[in-house]
Amino acid sequence: MRYLDVDTAKKVSKIGLGTWQFGSREWGYGDSYAGSEAKAIVRRALELGVTLFDTAEIYGFGRSERILGAALGDSLESVFLATKILPVMPIAPIVEQRGVSSASRLGARKLDLYQVHQPNPAVRDGTIMRGMRALQRTGLVDEVGVSNYSLRRWIAAEEALGSRVLTNQVKYSLADRRPERDLVPYAEAHGRVIIAYSPLGQGLLSGRYDSYNRPSNPVRANSALFLPENLERAADLIKALREVAEAHSATPAQIALAWLIRNPVVVAIPGASTVAQLESNAAAADIDLSEEEYRRLRSESERFSPVTGAAALGGLIRSRFNR
Ligand SMILES: NC(=O)c1ccc[n+]([C@@H]2O[C@H](COP(=O)([O-])OP(=O)(O)OC[C@H]3O[C@@H](n4cnc5c(N)ncnc54)[C@H](OP(=O)(O)O)[C@@H]3O)[C@@H](O)[C@H]2O)c1
């Protein structure tokens with residue numbers, strides 16, 4: 001495992017574990033996953049040196065936090081625990097109360113990273129950051145982070161907090177490189193960190209799916225990325241991932257992760273449906289891509305232009321009726 005080079009109280013692994021899947025119906029992994037596989041995934045992650053564990057109060061309506069906390073058990077103190085608040089009522093006393101509730105579901109004395117899950121479109125961050133500041137003062141929260149924030153709003157959040165907002169957790173993978181426009185450069189210039197979510201494009205970059213074999217769970221069945229047309233458009237990128245993977249005796253998913261975390265300010269938090277996936281994802285931290293391989297994948301990803309937004313709507317409606 002490799003670790004981030006930043007001045008945090010605990011070390012942060014370059015490959016973390018995302019736990020939206022834990023106890024969330026929308027991933028469709030069922031009760032035995034939530035009841036036993038999830039715990040086995042966390043225990044194995046610990047053995048492999050993973051320290052970054054990401055959850056949120058909204059995942060499974062608190063179930064993900066409970067499952068993760070129980071699985072970490074005695075290791076809670078030694079990992080870098082990250083959770084998120086959904087800022088529906090972003091006033092300071094509510095932020096404080098929600099932070100306490102998350103810590104209690106996790107069974108943790110401290111949240112190493114407390115993130116605002118997404119910007120509230122109607123309320124600016126002054127009040128939420130007042131709550132975050134109070135949580136930092138009491139020692140319940142160490143670092144503050146945001147998620148899905150534009151650069152302008154990230155900087156405004158730092159001004160409101162009066163200190164660094166260490167991380168911005170955003171969708172970032174070879175299938176979606178928008179954070180490179182301004183968020184990654186900001187992190188590089190100011191000692192901040194990008195936490196890449198959906199780093200495998202929710203499984204697309206594993207090469208496991210194509211237009212004849214589409215995932216059926218609600219998260220991906222309702223995602224434009226998995227429309228047959230987009231799966232076809234992704235074929236060249238996946239082919240390139242396969243070829244680079246072959247040279248490293250690795251898998252396309254591992255190469256997709258290795259590509260992302262090659263940047264020193266980027267960490268990735270893939271979710272996993274099995275222990276074997278977790279093992280493979282953790283091992284990706286040790287793969288070194290050559291400059292040529294890195295560039296090749298970057299240019300293949302530039303050629304991948306999925307149908308999105310309004311243009312994808314027709315396809316999504318059709319795929320819903322064809323299911
Ligand atoms: N802040 C936010 O708004 C936000 C939004 C989304 C996610 N997140 C966080 O980011 C985490 C990861 O994102 P994500 O779950 O959306 O997408 P992801 O990590 O790109 O994809 C996860 C899925 O990919 C497949 N997979 C994982 N490892 C694999 C491997 N080695 N080989 C083949 N397939 C593999 C698994 O699905 P199958 O086996 O079923 O194919 C797994 O459930 C979440 O758990 C959550 O913590 C945050």
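In listed order, ligands and their atoms are each counted from 1.
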| Any L17 side-chain heavy atom under 4.5 Å of P270 side chain |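 The answer is no, as the side chains (C-beta and beyond) never meet within the 4.5 Å cut-off.
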| Is the backbone of A240 close enough, under 3.5 Å, to the side chain of E243 for a donor and an acceptor to pair up by distance? |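 A pair under 3.5 Å: no.
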| query | What class does the angle between the rings of Y172 and W259 fall in, given that below 30° is parallel, 30 to 60° is tilted and above 60° is perpendicular? | reply |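 Ring orientation, 0 to 90° scale: perpendicular.
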| query | Any idea which residues sit under 4.0 Å from ligand 1, heavy-atom distances? | reply |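 Within 4.0 Å of ligand 1, the protein residues are G18, T19, W20, Q21, W27, Y29, D54, Y59, K84, H117, S147, N148, Q169, Y197, S198, P199, L200, G201, Q202, G203, S206, R208, Y209, R220, A253, I269, P270, G271, S273, Q277, S280, N281.
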| message | Please tell me whether Y59 and H117 form a close aromatic pair, meaning their ring centres lie under 6.0 Å apart. | response |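 Ring-ring flag for Y59/H117: true, centres closer than 6.0 Å.
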| Side-chain ion pair, R262 and E291, N-O less than 4.0 Å |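 The answer is yes: the pair qualifies as a salt bridge.
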| message | Consider side-chain contact (heavy atoms from CB on, under 4.5 Å). Of D176, V146, I194, V184, which one does V170 pass it with? | response |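 Among the candidates, only I194 passes.
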